[in-house]
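The structure appears below as structure tokens.
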Amino acid sequence: MSTVAETTTPRDISSWTDPTLDSVRGTETPKDPNKGYIALLGWSVNAIKAAQKFDRRYVVVAPDWAADFCEANKIPYIPWDFVRLNDRSMEIAEHLKAEGVDVAIPLFEETVEWSGAINSVLMDNPRMYGQSILFRDKALMKRRAQLGGIRVGIFEEAHEKEDIIRFMKRVNQTLLKLDGDPDDPIHVKAFDKAGCLGHRMIRKIDEIDSIPAEEYPLLMESHLDGWEFAVEAWIHDGEIKFLNISEYVTLGYSVFVPATRELESWRDAITKQIKKLIKTFDIQFGLIHPEYFVAADGEMYFGEVAYRPPGFKAFELIERAYGFSAYQASMLVFDPKSTKEEVEAFFPREVVDAKGYAGCFGVYPRRRVVSKLEMPKETIEHPYFESHELVAPAEETVPDRSAFGTHWGLVFFFGDDPIKMRDLLKAQEELDFYV
């Protein structure tokens, strides 16, 4: 049985107790031994809460800093350092297999590769590890997409500054730009980081100098004009069981679900693209989070695909809008012991069963020096405002944003009109939350 490693000296862990957890309250849902035993790779308290309300056995595999919290809250736990890749890496797969675990579910980007390696052992399917590499390496991912006949922009790898200069010049030459014309921008991204981390838009060649040497190698992409959006699709036995379209208001700032009627009008075309993606990447089960662009001519271009929960609390937004737990949905479709009937019964109908529109806004300080958190009246007095997770600033000087940057916290909204939601989220960009 998985337990927290014993220590030789007693320690007080009572301060870590969370009285809201079912494991503490004694209200945890009984586990069905005939259903799958799931390993959650990484750390998410919301995923743990969902697992405690679900009927599958589970164990959390997380770094050792989670030990005290797990012990204090009676959470089954195995310590593992996901940063360390060495000759002991097989150990965690063997440990989980000996424990009787059926499947490992990645909770964040850095555990996707680990889940592929572990599941290749648990399910005796070596190809699963290779598949996980495709989900991690953006260049390999795009090449696989091309092989499947999926439209992508121009892309290459960059190992040094000169590679980006050559790529940018080549892209603009291809676009028949003349001397004096403004350059078409390009994008550079980290090979294997989530979301906007390491993502930069380069508009002028001299901006390339701002990229630190430690960020190489990078993926370079041509700029795609169009409507960018994301999809969350739960797949079981190679078939889509639920497909959510998340509408971006401003990339890196705001998103809401379900989408507006205008974007939802593309659902059939989007579903067709997701089916092509499932076939191309040979996805039999799990949750995928791809991003696409719809160009002005109606063509749909593939951006990238992730095999883990999206950022910006999209799972929480989906639960707020529809009422089902997106974390439990993932456990269900990952579990090899789930039946088709159980999966069919779990999901509501897309869009029509939504209770409203749930959105969130990522806050970035707009000032160089701040002293306090001050929620704008326009935000908290709006009828759609629900909550926020912002905290007081730890220091007065706001660090320079690197690339797209990392938000300081999210503000959550819920309402019945998608156009009002879209306009409200856009309006937050002009407000100061830190003054």
Side-chain angles (χ1 to χ4, degrees), residues 18 20-21 43-50 53 107-108 194-196 228-232 242 244-260 263-264 287 289 291 308-330 348 350-351 353-366 370 372-393 404-435:
D18 181 348
T20 68
L21 287 171
W43 185 254
S44 166
V45 173
N46 284 348
I48 293 169
K49 288 181 176 180
K53 295 182 184 299
L107 294 180
F108 55 87
C196 292
E228 186 174 8
F229 62 91
V231 172
E232 290 76 39
F242 188 87
N244 175 71
I245 302 171
S246 291
E247 183 160 341
Y248 294 147
V249 180
T250 300
L251 179 64
Y253 278 91
S254 45
V255 66
F256 65 93
V257 302
T260 56
L263 183 53
E264 282 290 345
L287 172 279
H289 165 60
E291 294 179 329
R308 41 83 186 157
F312 267 72
K313 297 289 181 73
F315 269 21
E316 286 76 6
L317 296 181
I318 291 168
E319 182 169 0
R320 181 69 182 91
Y322 283 98
F324 74 88
S325 168
Y327 290 107
Q328 290 179 358
S330 294
E350 292 108 333
V351 185
D353 282 345
K355 299 176 293 183
Y357 295 85
C360 70
F361 176 78
V363 173
Y364 301 85
R366 303 196 321 145
V370 296
K372 62 179 179 178
L373 166 66
E374 188 174 278
M375 294 296 293
K377 287 180 64 176
E378 299 94 324
T379 300
I380 59 177
E381 292 181 0
H382 195 283
Y384 283 12
F385 171 74
E386 286 206 319
S387 63
H388 73 85
E389 56 181 30
L390 304 176
V391 296
F404 270 57
T406 302
H407 62 75
W408 282 33
L410 298 172
V411 184
F412 297 93
F413 304 92
F414 184 80
D416 59 4
D417 187 323
I419 304 304
K420 284 184 181 179
M421 177 65 73
R422 184 183 65 193
D423 293 345
L424 172 63
L425 291 170
K426 188 65 180 176
Q428 303 307 301
E429 297 176 25
E430 304 302 320
L431 301 177
D432 285 312
F433 293 79
Y434 289 94
V435 296

Margin query: Assess whether a salt bridge exists between Glu389 and Lys313, defined as any Lys/Arg side-chain N lying under 4.0 Å from an Asp/Glu carboxylate O.
Written below: yes

Next item on the list: Look only at the side chain of Arg422 and the backbone of Val249, and say whether a donor-acceptor pair between them is shorter than 3.5 Å.
Entry: no

Next item on the list: Please report the closest heavy-atom contact between Phe312 and Gly362, naming both atoms and the distance.
Entry: CE2-N, 3.7 Å

Margin query: Has Asp18 got a side-chain atom pairing as donor or acceptor with Thr20's backbone, closer than 3.5 angstrom?
Written below: yes

Notebook entry, point to check: What is the distance from atom CD1 of Ile419 to atom OG1 of Thr260, rounded to the nearest 0.5 Å?
Noted result: 5.5 Å

Notebook entry, point to check: So Phe412 and Arg320, side chain to side chain contact (heavy atoms under 4.5 Å, CB included) or not? Walk me through it.
Noted result: CA-CA 10 Å; Phe412 297 93; Arg320 181 69 182 91; over 6 Å; no

Checklist line | Pairwise distance CG(Leu251) to CZ(Phe229) - rounded to 0.5 angstrom | finding: 13.5 Å

Next item on the list: Check the pair Leu410, Val363 against side chain to side chain contact (heavy atoms under 4.5 Å, CB included), reporting the backbone distance first and the verdict last.
Entry: CA-CA 6 Å; Leu410 298 172; Val363 173; over 6 Å; no

Check: Are Tyr384 and Asp416 linked by a side-chain donor-acceptor pair shorter than 3.5 Å?
Finding: yes

Item checked: Val370 to Pro393 - nearest heavy-atom pair and separation -> CG2-CB, 4.0 Å

Next item on the list: Assess whether side chain to side chain donor-acceptor pair (under 3.5 Å) is satisfied between Ser325 and Lys53, documenting all intermediate values.
Entry: CA-CA 10 Å; Ser325 168; Lys53 295 182 184 299; over 6 Å; no

Check: How about Glu247 and Tyr357: does a side-chain donor come under 3.5 Å of a side-chain acceptor?
Finding: no

Next item on the list: Report yes if some heavy atom in the side chain of Gln328 is under 4.5 Å from a heavy atom in the side chain of Phe315; otherwise report no.
Entry: no

Note to self: Would you say NZ of Lys49 has more than 12 non-hydrogen atoms from neighbouring residues, nucleotides or ligands within 6.0 angstrom?
What the structure shows: yes

Next item on the list: Compute whether any side-chain donor of one residue and acceptor of the other, for Ser44 and Asn46, lie under 3.5 angstrom apart.
Entry: no

Next item on the list: Report the distance from atom CZ of Phe413 to atom OG of Ser387, rounding to the nearest 0.5 Å.
Entry: 9.0 Å

Notebook entry, point to check: If you measure from CD on Glu228 to OG on Ser246, what distance do you get to the nearest 0.5 Å?
Noted result: 12.0 Å

Checklist line | Nearest heavy-atom neighbours spanning Gly415 and Met421 | finding: N-CE, 3.7 Å

Note to self: I want to know whether Phe324 and Phe242 have ring centres closer than 6.0 Å.
What the structure shows: yes

Next item on the list: Heavy atoms only: give me the nearest Pro376-Asp432 pair and the separation to one decimal.
Entry: CG-O, 3.4 Å

Next item on the list: Hey, could you give me the CG/NE2 distance between Leu424 and His382, rounded to the nearest 0.5 Å?
Entry: 4.5 Å

Checklist line | Candidate list Val255, Val411, Leu425, test side-chain contact (heavy atoms from CB on, under 4.5 Å), partner Cys360, passing option | finding: Val255

Margin query: Run Glu374 and Phe433 through side chain to side chain contact (heavy atoms under 4.5 Å, CB included) and show every step you take.
Written below: CA-CA 5 Å; Glu374 188 174 278; Phe433 293 79; over 6 Å; no

Note to self: Is it the case that the ring center of Trp408 lies less than 6.0 angstrom away from the ring center of Tyr364?
What the structure shows: no

Next item on the list: Taking the six-membered ring for Trp and the single ring otherwise, decide whether the centroids of His407 and Phe361 are under 6.0 Å apart.
Entry: no

Margin query: Just so I know, are the side chains of Leu317 and Phe256 near enough to count as touching, which here means a heavy-atom distance under 4.5 Å?
Written below: no

Check: Which atoms form the tightest heavy-atom contact between Ala230 and His289, and what is the distance?
Finding: CB-CE1, 3.5 Å

Checklist line | Distance-only side-chain donor-acceptor flag, Tyr322 / Glu350, under 3.5 Å | finding: no

Check: Counting only N and O atoms by type, is there a donor-acceptor contact under 3.5 Å from the side chain of Asp417 to the main-chain atoms of Lys420?
Finding: yes

Check: Which atom names give the shortest non-hydrogen contact between Gly356 and Phe414, and what distance separates them?
Finding: CA-CZ, 3.5 Å

Check: Is it true that the NZ or CZ of Arg308 lies under 6.0 Å from the centre of Phe108's six-membered ring and within 45 degrees of the ring axis?
Finding: no

Item checked: Working for side chain to side chain donor-acceptor pair (under 3.5 Å), residues Gln428 and Ser254 -> CA-CA 9 Å; Gln428 303 307 301; Ser254 45; over 6 Å; no

Notebook entry, point to check: Roughly how far, to the nearest 0.5 Å, is OH of Tyr434 from CG of Leu373?
Noted result: 5.0 Å

Check: Side chains of Arg366 and Glu429: closer than 4.5 Å at any heavy-atom pair?
Finding: no

Margin query: Determine whether Thr379 and His388 satisfy the following criterion, side chain to side chain contact (heavy atoms under 4.5 Å, CB included), listing intermediate values before the conclusion.
Written below: CA-CA 10 Å; Thr379 300; His388 73 85; over 6 Å; no

